[in-house]
J.: 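So that we are looking at the same thing, I have put the structure below in structure tokens.
Sequence lines set the chain letters: A, B, ... in the order given, protein chains first and strands last, and positions in each chain run from 1.
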Number of protein chains: 2
Amino acid sequence: MKQEAKAGRKGAAGGPATLWDRTRQLASREILETALRLFTEQGYDETTIAQIAREAGVSQRTLFRYFGTKEELLGGDQDRFGRVLTEAVGGQPAGTGVWEALRAGVAAVLALHESRADALERFRLLHNTASLRAGRLEKQLRFQEELLPLVEERMGTARGGADPSARAVVATAFACLDAATATWVAGEGEDDLMDLYDRCLAAVRGGS
Amino acid sequence: MKQEAKAGRKGAAGGPATLWDRTRQLASREILETALRLFTEQGYDETTIAQIAREAGVSQRTLFRYFGTKEELLGGDQDRFGRVLTEAVGGQPAGTGVWEALRAGVAAVLALHESRADALERFRLLHNTASLRAGRLEKQLRFQEELLPLVEERMGTARGGADPSARAVVATAFACLDAATATWVAGEGEDDLMDLYDRCLAAVRGGS
DNA sequence: CGACCACTTGGCAGTGACTGCCAACCTGCG
DNA sequence: CGCAGGTTGGCAGTCACTGCCAAGTGGTCG
């Protein structure tokens, strides 16, 4: 394999060099859209990989080469989220407080969603399907792990020592994001997600 | 089925009435111990149900009748945790603040563990095995959902309306518990878990 | 242009968790 | 003893996922 990752998406910049890449991207998009359609139509658990592959016009084997797991068909590009998150948090000026920095990270990630409707669709699936919730939380844990050193540095605590402060702060940020999205989904996406996040943090850190 | 749950454990009170119940309990314990042993010996993912069943002297089919999933072999009695948690939180006097009430719940659950060594063993597995972390988090989510009405009542916020405060508070409590256990496991269980939990909360709600 | 190579694809068999079904079995009770 | 009612084990089947191997197809070099 010459190129690192197998299903390399080149980003928006420049034209895809080779025909292969273009074909790959096309197939990838086709699979992704088919999957999301079937998921919303009949539910995640009720949709089999075989069905997605059939309707997308590829073999199961190929589908698994593009997306390693069934979850990835919904999660989109989880690596990208992680990258954006850590970059946003790490990119805050040194004087910024931890909470502000984390807030910036949350905002950056939320800004990634294509449209409000699309995000609502995905979040609804994510929150209503038990098997998916677990996977999502696992990703969050990985993100927390990535963020931990950044936050520790910003807080001036020991580097992975016995001080749980940094970990607690990061985990709380994610917990609030979770609570916010849950409320957001329950309210059919009427409120502003960032607003809800702020209210969550206020409820935790502000009053009694 | 006469008795509600299939693998009913009668609690500590009274002698097991029938021979069947006694046999069931014995088999259950045997399976549980075999599983935990194999998990710690060779890892969770590397241990197959077939192996556990073989070494415990039951068929796979029977094993699945006692414990619906592989995870349940490690989680012990997750329903019990939930019950204890909600009871402890709900049982706090009316004047108690939310955070105190939640703290009491956490304390009650932590008190359930047989021994420090046993808990450390389980937590270590839980934290080091990706497939298990996800499942554990899912359980936490269920607990959060159970706790939510109690906390809403205590906070005097609307009952599942658009106010994310209660959700945020509950989620934060679990986030802190998570951070605390992570630190606890990393430190080989030297610190006191409840201490760590308090420090987590302090870090979140106290300083900047 | 044609051959060669890199890469991709599809099918097939296999693993591992988990479920439904059915026949054999055992316990508790009359 | 004999009859339920509950239990067990085996078997086949589903579903996500993986390795392996035989094609096919695009890109490139002589």
Side-chain angles (χ1 to χ4, degrees), chain A residues 1-10 15-28 30-31 35 38-39 42-75 129-132 134-135 138, chain B residues 1-10 15-28 30-31 35 38-39 42-75 129-132 134-135 138:
Chain A
M1 299 205 184
K2 205 176 292 177
Q3 52 255 58
E4 317 261 26
K6 48 184 178 182
R9 33 194 96 51
K10 289 278 177 157
T18 145
L19 202 168
W20 271 357
D21 287 345
R22 247 175 298 155
T23 309
R24 288 192 69 89
Q25 205 150 11
L26 221 56
S28 168
E30 176 69 27
I31 295 173
L38 291 176
F39 287 161
Q42 34 177 278
Y44 179 81
D45 287 328
E46 287 67 37
T47 305
T48 69
I49 294 284
Q51 190 184 8
I52 301 173
R54 210 182 318 123
E55 301 209 11
V58 295
S59 72
Q60 287 191 41
R61 199 62 192 81
T62 300
L63 192 153
F64 274 118
R65 268 194 274 261
Y66 279 80
F67 305 93
T69 67
K70 193 179 177 185
E71 279 177 20
E72 256 179 78
L73 289 169
L74 222 161
T129 311
S131 36
L132 282 173
E138 234 266 270
Chain B
M1 297 206 184
K2 205 177 290 175
Q3 52 255 60
E4 317 262 26
K6 48 184 179 181
R9 34 196 93 52
K10 289 277 179 157
T18 145
L19 200 166
W20 270 359
D21 287 345
R22 247 174 299 155
T23 309
R24 287 192 69 89
Q25 206 151 11
L26 220 57
S28 169
E30 176 69 27
I31 295 172
L38 291 176
F39 286 161
Q42 35 177 278
Y44 179 80
D45 288 327
E46 287 68 36
T47 305
T48 70
I49 294 285
Q51 190 185 8
I52 301 173
R54 207 181 321 122
E55 301 209 10
V58 294
S59 72
Q60 287 191 40
R61 198 65 193 77
T62 299
L63 191 154
F64 274 118
R65 268 194 275 261
Y66 278 81
F67 306 92
T69 67
K70 193 180 177 185
E71 281 179 19
E72 257 178 78
L73 290 169
L74 223 169
T129 311
S131 37
L132 282 174
E138 234 266 87

J.: As a quick check of understanding, evaluate side-chain contact (heavy atoms from CB on, under 4.5 Å) for Glu72(B) and Tyr66(B), giving each step before the final call.
T.: CA-CA 9 Å; Glu72(B) 257 178 78; Tyr66(B) 278 81; over 6 Å; no

J.: By the 4.0 Å heavy-atom rule, please label Thr69(A) as base, sugar-phosphate, or nothing.
T.: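 Touches sugar-phosphate only.
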
J.: Under the 3.5 Å rule, do the base of dG6(D) and the side chain of Arg65(B) count as making a donor-acceptor pair?
T.: no

J.: Does Arg22(A) contact dG26(D) through a side-chain donor or acceptor facing the base, at a distance under 3.5 Å?
T.: no

J.: Locate the shortest heavy-atom distance separating Glu30(B) from Glu55(B); write the atom from each residue and the value.
T.: OE2-O, 4.4 Å

J.: Using every non-hydrogen atom in the two residues, find where Ser131(A) and Glu71(A) come nearest and quote the distance to one decimal.
T.: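 Heavy atoms of Ser131(A) and Glu71(A) come nearest at O-OE2, 3.9 Å.
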
J.: Grab the CD-P distance between Gln60(A) and dA16(D) for me, whole Å please.
T.: 8 Å

J.: Looking at dT8(C), dG10(D), dA16(D), which one has an atom nearest to any side-chain atom of Phe64(A)?
T.: dA16(D)

J.: Between dC20(D), dA17(C), dT9(C), which nucleotide has the shortest distance from any of its atoms to the side chain of Tyr66(A)?
T.: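 Given the options dC20(D), dA17(C), dT9(C), the side chain of Tyr66(A) is closest to dT9(C).
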
J.: Suppose we call a contact any N or O donor and acceptor under 3.5 Å apart; does that hold for the side chain of Arg24(B) and the base of dG6(D)?
T.: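 No, the side chain and the base share no sub-3.5 Å donor-acceptor pair.
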
J.: Would you check if Leu63(B) and Leu73(B) make a side-chain contact, meaning some heavy-atom pair closer than 4.5 Å?
T.: yes

J.: The side chain of Arg61(A) is closest to which nucleotide in this list: dG10(C), dC21(C), dA16(D)?
T.: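 Among dG10(C), dC21(C), dA16(D), the one nearest the side chain of Arg61(A) is dG10(C).
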
J.: Ring of Phe39(A), cation from Lys70(A) - is the NZ or CZ under 6.0 Å from the centre and inside 45° of the axis?
T.: no

J.: Please determine if a side-chain N or O atom of Thr62(A) lies less than 4.0 Å away from the OP1 or OP2 oxygen of dT9(C).
T.: no

J.: Which parts of residues 47-58 of chain A get close to DNA chain D, meaning a heavy atom less than 4.0 angstrom away?
T.: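 Per residue number, the list reads Thr47(A), Thr48(A), Ile49(A).
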
